Trainee: 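Can you read through this structure? Questions will come right after.
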Amino acid sequence: MTNLDSGPEVTPCRSAAGEGAVAEFLEPREVPLGGLRAMRVERVLPQRVLPTVGAWCFLDQFGPERVEMAVLPHPHTGLQTVTWPLAGEIRHRDSVGSDVLVRPGQLNLMTAGRGISHSEFSVREEEVPVLHALQLWVALPDEALGVEPAFEQHTELPTYEADGVTATVLMGSLGDAVSPATTYTPLLGADLVVEAGARAVLPLRPDFEHAVLVVEGEIEVAGVPVGAGPLLYLGTGRAELEITAGAGARALLLGGEPFPGELVMWWNFVGRGHDEIAQAREEWEHGDRFGHVEGHDGQRIPAPALPGVRLTPRRRG
Ligand code: MN
């Protein structure tokens with residue numbers, strides 16, 4: 001999916017390590033809907049006070065609602081996109097030749113590296129289907145910024161079972177469950193299905209920072225009640241995480257080593273500074289760096305204008 005905002009703000013990002021275990025709620029914001037009128041998009045990351053959780057630098061939640069998705073070709077650099085549908089199917093086409101259906105339970109991972117473009121459309125049915133999806137971005141570390149663009153679909157993902165919690169590991173590892181997806185930094189992304197009456201303890205890496213987003217129902221995380229909507233940021237320094245629930249629930253657990261160095265995010269690009277992003281924008285408008293997505297008769301999403309100021313990284317805080 002694309003950043004739908006037609007006038008994207010500058011989002012400078014910088015991580016700060018080592019604040020220890022915390023439990024802090026961060027509210028999502030509704031973003032301008034751009035070409036997808038009537039589509040509810042809640043942006044959970046980045047936050048002004050928290051640009052990243054590990055290398056996770058972007059998290060949008062779409063729906064659930066009956067809506068037709070029609071996102072024309074648009075570019076990405078410096079990141080991996082993780083598309084995780086909870087309901088509905090999306091047709092993904094990209095400039096490395098992929099043309100696949102993205103279905104619930106399957107991990108769809110696109111590595112932009114030096115540059116890729118893609119489109120995402122609902123699958124046409126008699127009735128507009130319910131769409132509910134999470135779209136995440138993972139920032140690539142310096143040494144992977146220039147990797148070849150690639151797309152992976154993983155239909156078999158490992159699970160970690162605890163007492164009443166089934167964690168499907170999308171990226172990285174949880175306990176002995178290791179995702180086959182390609183990662184470039186130590187991180188964790190897991191979908192948690194929590195049964196009624198669950199009382200589970202998940203093993204965490206204390207050097208990671210973690211956060212939880214509930215997408216359905218309500219759970220208690222480390223003794224803190226969490227409902228759908230806000231991101232619960234948990235900080236670093238936790239070797240385990242207790243999760244309990246009265247009724248059933250579903251949640252996303254994110255983690256990773258605090259991202260070293262600085263990031264600048266603007267529109268669909270993640271980079272390290274203004275010039276790099278300005279060049280990517282220029283090459284989307286007037287170059288062939290991002291390849292071609294078949295089937296759209298040359299239609300694409302044009303880049304918004306750059307802001308009148310230079311893009312600079314900024315500390316979290
Ligand atoms: Mn996209």
Side-chain angles (χ1 to χ4, degrees), residues 1-8 31-41 43 58 60-63 65-85 87-104 106-137 147-153 265-271 277-306:
M1 294 165 209
T2 181
N3 183 348
L4 302 171
D5 195 336
S6 57
V31 294
L33 300 179
L36 294 184
R37 272 181 287 281
M39 189 167 201
R40 194 171 65 91
V41 177
R43 184 149 305 157
F58 185 94
D60 267 4
Q61 182 171 184
F62 296 71
E65 66 176 321
R66 292 191 182 279
V67 67
E68 211 159 335
M69 171 176 278
V71 180
L72 284 166
H74 59 276
H76 290 287
T77 57
L79 56 85
Q80 293 176 293
T81 65
V82 173
T83 307
W84 185 248
E89 293 184 347
I90 300 160
R91 182 181 180 187
H92 163 98
R93 283 169 280 183
D94 64 38
S95 56
V96 296
S98 314
D99 182 354
V100 297
L101 283 182
V102 173
R103 295 193 172 96
Q106 302 179 350
L107 175 71
N108 300 277
L109 176 64
M110 187 177 77
T111 300
R114 60 181 165 73
I116 200 168
S117 55
H118 73 143
S119 68
E120 289 157 301
F121 280 72
S122 293
V123 179
R124 282 211 173 258
E125 293 179 22
E126 300 251 321
E127 193 182 12
V128 176
V130 171
L131 180 65
H132 188 193
L134 300 175
Q135 161 81 20
L136 301 105
W137 295 355
V147 298
E148 289 294 308
F151 180 80
E152 299 168 33
Q153 188 170 55
M265 291 174 59
W266 180 81
W267 194 40
N268 292 309
F269 304 130
V270 175
I277 288 194
Q279 184 181 344
R281 182 195 179 281
E282 179 63 22
E283 289 181 279
W284 174 243
E285 292 302 298
H286 308 289
D288 57 7
R289 170 174 171 184
F290 295 96
H292 175 71
V293 185
E294 292 290 338
H296 298 288
D297 297 326
Q299 291 187 86
R300 64 184 193 108
I301 299 178
L306 278 166

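Small disclaimer: the values here were computed from a predicted structure and weren't measured.
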Trainee: Using every non-hydrogen atom in the two residues, find where F290 and A280 come nearest and quote the distance to one decimal.
Mentor: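 Distance-wise, the nearest heavy atoms are CE1-O, 3.5 Å.
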
Trainee: Are side-chain N/O atoms of Q61 and H132 paired as donor and acceptor at under 3.5 Å?
Mentor: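 Their side chains do contain a donor-acceptor pair, which is all the 3.5 Å distance test asks for.
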
Trainee: If you take all heavy atoms of P104 and G88, which pair is closest and at what distance?
Mentor: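 Taking every non-hydrogen atom into account, CD-O, 3.2 Å.
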
Trainee: Before you tell me yes or no, could you show the steps for N108 and W84 under side chain to side chain contact (heavy atoms under 4.5 Å, CB included), namely the whole-Å CA-CA distance, both residues' side-chain angles and the distance that decides it to 0.1 Å?
Mentor: CA-CA 7 Å; N108 300 277; W84 185 248; over 6 Å; no

Trainee: By the salt bridge (charged side-chain N to carboxylate O under 4.0 Å, His left out) test, which pairs, at least two apart or in different chains, include something from residues 290-302?
Mentor: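 Checked against salt bridge (charged side-chain N to carboxylate O under 4.0 Å, His left out) - neighbours excluded - the pairs reaching residues 290-302 are E285-R300.
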
Trainee: In chain order, what residues pass the side chain to side chain donor-acceptor pair (under 3.5 Å) check against E283, with sequence neighbours excluded?
Mentor: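 Per chain and number, E283 pairs via side chain to side chain donor-acceptor pair (under 3.5 Å) with Q279, R289.
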
Trainee: To check you understand the geometry: which heavy-atom pair defines the closest contact between P149 and G115, and what is its length?
Mentor: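 In terms of heavy atoms, the two residues are closest at CG-O, 3.3 Å.
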
Trainee: Is there side-chain contact between R91 and V102, with at least one heavy-atom pair below 4.5 Å?
Mentor: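 SC-SC contact between R91 and V102 ruled out.
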
Trainee: Who are the side chain to side chain donor-acceptor pair (under 3.5 Å) partners of S98, not counting sequence neighbours?
Mentor: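 S98: side chain to side chain donor-acceptor pair (under 3.5 Å) contacts with D94.
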
Trainee: Do L131 and I90 make a side-chain contact, defined as non-hydrogen atoms from C-beta onward lying under 4.5 Å apart?
Mentor: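 SC-SC contact between L131 and I90 confirmed.
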
Trainee: Between the main-chain N or O of G271 and the side-chain N or O of W266, is there a donor-acceptor pair closer than 3.5 Å?
Mentor: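 It does not hold such a pair.
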
Trainee: Under 4.5 Å between any side-chain heavy atoms of L107 and V82, yes or no?
Mentor: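 L107 vs V82: side chains touch.
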
Trainee: Can you list the residues that meet the side-chain contact (heavy atoms from CB on, under 4.5 Å) rule with E152, with sequence neighbours excluded?
Mentor: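 E152 satisfies side-chain contact (heavy atoms from CB on, under 4.5 Å) with L109, H154, A181, T182 once adjacent residues are dropped.
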
Trainee: Below 4.5 Å, heavy atoms only, C-beta onward: do W137 and N268 meet side chain to side chain?
Mentor: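 Yes - at least one pair of side-chain heavy atoms lies under 4.5 Å apart.
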
Trainee: Only counting residues at least two apart or in another chain, list the ones meeting side chain to side chain donor-acceptor pair (under 3.5 Å) with S117.
Mentor: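 Side chain to side chain donor-acceptor pair (under 3.5 Å) check on S117 returns nothing, list empty.
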
Trainee: Could I get the full list of side-chain contact (heavy atoms from CB on, under 4.5 Å) partners for E89, not counting sequence neighbours?
Mentor: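 For E89, the residues satisfying side-chain contact (heavy atoms from CB on, under 4.5 Å) (neighbours in sequence not counted) are L101, R103, V123.
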
Trainee: Check whether any side-chain heavy atom of V270 sits under 4.5 Å from a side-chain heavy atom of T77, and report yes or no.
Mentor: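 Answer no - side chains too far apart.
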
Trainee: Could you list the residues that satisfy side-chain contact (heavy atoms from CB on, under 4.5 Å) with A112, not counting sequence neighbours?
Mentor: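 Here the qualifying residues are H76, L79, I116.
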
Trainee: Could you tell me which residues satisfy side chain to side chain donor-acceptor pair (under 3.5 Å) with H296, sequence neighbours excluded, listed by chain and number?
Mentor: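 Listed in chain order: S119.
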
Trainee: Find the distance between CZ (R93) and CG (D99) and round it off to the nearest 0.5 Å.
Mentor: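 Reported value, rounded in 0.5 Å steps: 6.0 Å.
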
Trainee: Should the pair E148-R114 be classified as a salt bridge under the 4.0 Å nitrogen-to-oxygen rule?
Mentor: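 Salt bridge: yes.
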
Trainee: Measure the CG-CZ distance between L136 and F58 for me, rounded to the nearest 0.5 Å.
Mentor: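 Between atom CG of L136 and atom CZ of F58 there are 9.0 Å.
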
Trainee: Are the side chain of T83 and the backbone of Q135 linked by a donor-acceptor contact shorter than 3.5 Å?
Mentor: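 Between the backbone of Q135 and the side chain of T83 there is no qualifying donor-acceptor contact (under 3.5 Å).
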
Trainee: List for me each residue that meets ring pair (Phe, Tyr, Trp, His ring centres under 6.0 Å) alongside H92, sequence neighbours excluded, and say none if there are none.
Mentor: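 Ring pair (Phe, Tyr, Trp, His ring centres under 6.0 Å) list for H92, sorted by chain: H118, F151.
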
